[in-house]
Amino acid sequence: MTRSRGRKNGTLFYELHCISCGKQVRETESSTRCPACHRPLDVRYDYDYIRSRLNRYSLKTSPVKALKYLDFYPLLNLNLVVSMDEGGTPLYRCKRLAERTGLRHLYIKNEGANPTGVFKDRGSLVELTKAKEQGARAVCVASTGNMAASVAAYSSVAGLPCYVLVPEGTPIGKMAQALSYGARVIQIRGTYSDAARLAEEASARHGFYLAGDYAFRVEGQKSQAFEIIEQLDWQAPAAVIVPLGCGTNMAAVWKGFKEFYELGFIDRLPRMIGVQPDGCSPIVAAFQQGSEQVVPVEKPFTVCTAVAAGDPVDGQKALTALRESGGCGVILSDAEILEAQQQLAHLESIFVEPAGAIPIATVPALLTSGRIRPDEVVVCLATGNGLKDPKAALRVLPSPATIEPTLAEVDKFLKLRLYDLRAAAAKDGGRSIFDQVPSQHKVSQSVQEELGVKLTADYAHRVTTLVADFVRKGKAITKADLQYIVENVLKARKEERPILRVEDFQVTTSMKGKAEAKVRIRFDGEEVTAAAKGVGPVDAVVNALKSAAESRGKLFFDLVDFQVEINSPGTDASVETTIIMKDTKNNRVVATGTSPDIIVASVSAFVDGYNVLWSRQKE
Ligand SMILES: *Cc1c(COP(=O)(O)O)cnc(C)c1O
Ligand SMILES: [Zn+2]
């Protein structure tokens, strides 16, 4: 069976037109921008042709997925379809979020369930099929990360090499995907818009098929609207909320609704609501000013990297969707978005990347302002999977405590509720609490208020001593510092009499030579001194401590790992060091130390670890 399509008179059933000057463009000439005025193109169909070929029965009975809507795509040779069975993503009824927000019929379309974790796979289906139809030899794409991963995966299915241009700082999950699918990735020291411009220029010069936010992608991404209608039992929702980057997806979803309206599958259209973070909101700004002109944002800055498109290719199309549909635009802060991301995961177990939480984050404001009503059916697009950018979520989450592999340690963790302690400090950890040495009473009070922990007098004394050490070094104590100090004190093993204690140390270091350290310790009560060199100050001190300890005790060990985590911004930040030590019997210990001074933090971790290993050796 031949699977090529076209009208009887030999002409195509669709045409490409410039959205600005209206010029008709042959797809062999360009399917990205108008050759005359450089504006985006749009696909116009002969809907009578589509209507005549449509099998309504199979459309209404077969399960939802992007491939069932082939009649709505501008594809000519169905033998060449490049698919990973995308679409068919769940439309969740969010009961708990509905209760929390007061919006009774709240749905989430979980686009993170697509093959590469983002709705863009629907567009890549059409785009890569067109690349095959046109006999492309290689594909090139600019991306903030998700398009890169998606186009890389589909290029690999198509058997085409893929060149990817991303801005520096692209989230690691997306980068790992693109690289794993075999893309040749180049990082640009610039913004997404720089990458997009270069991709267009490089493709023109080297004859690559240019993928991206262009007309064919729009056609593929329409299937989100088709599926929403089907999943709502062939009804249109009252409103659909979409995050805006280049605006392409908004244009696609709106076009999908209009087509199903045109073909009589629904009898009304939803309002389209577009949302951007305040660090990059050119489209919504234009909408709110009633302007046709989308003024580019020079330096987008937002945790929602997926929508950080300062000069959005399809700004115009997105504006049209907002206006035609009687919708609106909203601007949100990163903090609101990250909070919604957590809420979505906590209440509905849907883990999205920050951009995917943008729609849900706007619901309260939309309700308050009356732009959506509590009884309306509203669909939020959860555009991308949370695993793509885990670091963004971790910014507001407590890092888990590390304990020894014993039940006693687990008990202690539960009893001291160390998870609550960490969660308390994950929020606004940079806030300053003490800038001078506080009294023990004051310390107890603050620890209780800020971290919800009641310290016994003994613990309060030790926390106060450490706080005083910090302050004497000239460091204001932030909430995060206080949490680390309290945690270290609570976790510290109360050996009756630790075998190793550090009395003092001295390090000298310079730009060119090796660092040198002298240490004075007490080993089993006896004073020992030692000196050593190292590649840096921490290395030198640790070497000196090791040599001092090994000169007395018969405990031989290696440092297996050494990690430093900086808990707050600034050169006066407090650091937490984690050392993993292993003795000759393969006993391992994980020890931590915290101080604004990286050497002090390392020394305290080392001493802690040594004492644990020592007590194990005796057992
Ligand atoms: C690409 C993307 C968007 C924005 O879509 P545009 O078509 O650029 O407006 C939103 N969320 C995620 C997760 C994306 O990958
Ligand atoms: Zn034009």
Side-chain angles (χ1 to χ4, degrees), residues 16-25 29-30 32-42 109-114 116-124 141-151 166 170-171 173-174 177-178 192-193 196 212-215 217-218 220-222 224 241-255 272 274-277 280-284 294 300 302-319 321-322 329 337 341 351-360 380-389 392:
L16 279 169
H17 286 266
C18 171
I19 64 161
S20 180
C21 73
K23 177 183 159 71
Q24 185 183 345
V25 181
E29 190 185 350
S30 171
T32 55
R33 288 180 187 266
C34 172
C37 72
H38 211 57
R39 303 286 298 144
L41 303 175
D42 183 38
K109 180 78 169 152
N110 186 9
E111 286 297 295
N114 276 296
T116 77
V118 72
F119 66 82
K120 290 187 170 71
D121 293 343
R122 300 171 184 272
S124 300
V141 70
S143 171
T144 58
N146 282 334
M147 183 88 80
S150 181
V151 170
V166 292
T170 297
K174 305 175 186 186
Q177 282 184 296
Y192 163 74
S193 299
D213 282 311
Y214 305 111
R217 168 160 300 277
V218 171
Q221 289 173 192
K222 292 183 304 194
Q224 290 160 100
I241 314 180
V242 184
L244 305 174
C246 284
T248 311
N249 202 39
M250 169 61 85
V253 176
W254 176 234
K255 190 169 182 182
M272 302 302 293
V275 196
Q276 297 197 290
C280 184
S281 53
I283 301 175
V284 177
V294 176
T302 167
V303 68
C304 308
T305 51
V307 293
D311 189 5
V313 179
D314 279 331
Q316 200 63 53
K317 289 187 188 173
L319 281 176
L322 299 183
I337 294 162
Q341 181 192 28
F351 181 39
V352 293
E353 66 170 287
I358 291 177
I360 264 300
C380 291
L381 287 189
T383 47
N385 192 303
L387 292 174
K388 287 174 158 285
D389 188 7

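The figures here come from the full heavy-atom set of this structure, side chains too, leaving out hydrogens, waters and symmetry mates. Whatever order the structure lists them in is the order used to number ligands and atoms, beginning at 1.
Listed by chain and number, the residues in a side-chain contact (heavy atoms from CB on, under 4.5 Å) with Pro354 are Val303, Cys304, Ile337, Leu338, Gln341, Asp389, Ala392 (sequence neighbours excluded).
Side-chain contact between Arg122 and Asn114: present, with at least one pair of heavy atoms (C-beta onward) separated by less than 4.5 Å. You'll find the side chain of Gln276 stays beyond 4.5 Å of the side chain of Thr302, heavy atoms only. The closest side-chain heavy-atom distance from Val118 to Lys174 is not below 4.5 Å. In this structure the side chain of Pro359 never reaches within 4.5 angstrom of the side chain of Val275, judged on heavy atoms. Considering only heavy atoms from C-beta on, Pro40 comes within 4.5 Å of Lys317 through its side chain. In this structure the side chain of Cys18 never reaches within 4.5 angstrom of the side chain of Gln24, judged on heavy atoms.
Atoms CG and CD, from Leu381 and Glu111 in turn, are 6.5 Å apart once rounded to the nearest 0.5 Å.
Around the Zn ion (ligand 2), the protein atoms of type N, O or S found under 2.8 Å away are Cys18 SG, Cys21 SG, Cys34 SG, Cys37 SG, listed by chain and number.
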If you look only at distance, which donor and acceptor atoms sit under 3.5 Å apart when one is on a side chain in residues 243-252 and the other is two or more places apart or in another chain?
unit_1 : atom_1 : unit_2 : atom_2 : d
Thr248 : OG1    : Asp213 : OD1    : 3.1
Thr248 : OG1    : Asp314 : OD2    : 2.9
Asn249 : OD1    : Gln221 : NE2    : 3.0
Asn249 : OD1    : Gln224 : NE2    : 2.8
Asn249 : ND2    : Gln224 : OE1    : 3.4

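For a heavy-atom separation below 4.0 Å, the residues in contact with ligand 1 are Val118, Phe119, Lys120, Asn146, Pro243, Leu244, Gly245, Cys246, Gly247, Thr248, Asn249, Ala306, Val307, Glu353, Ala355, Thr383, Gly384.
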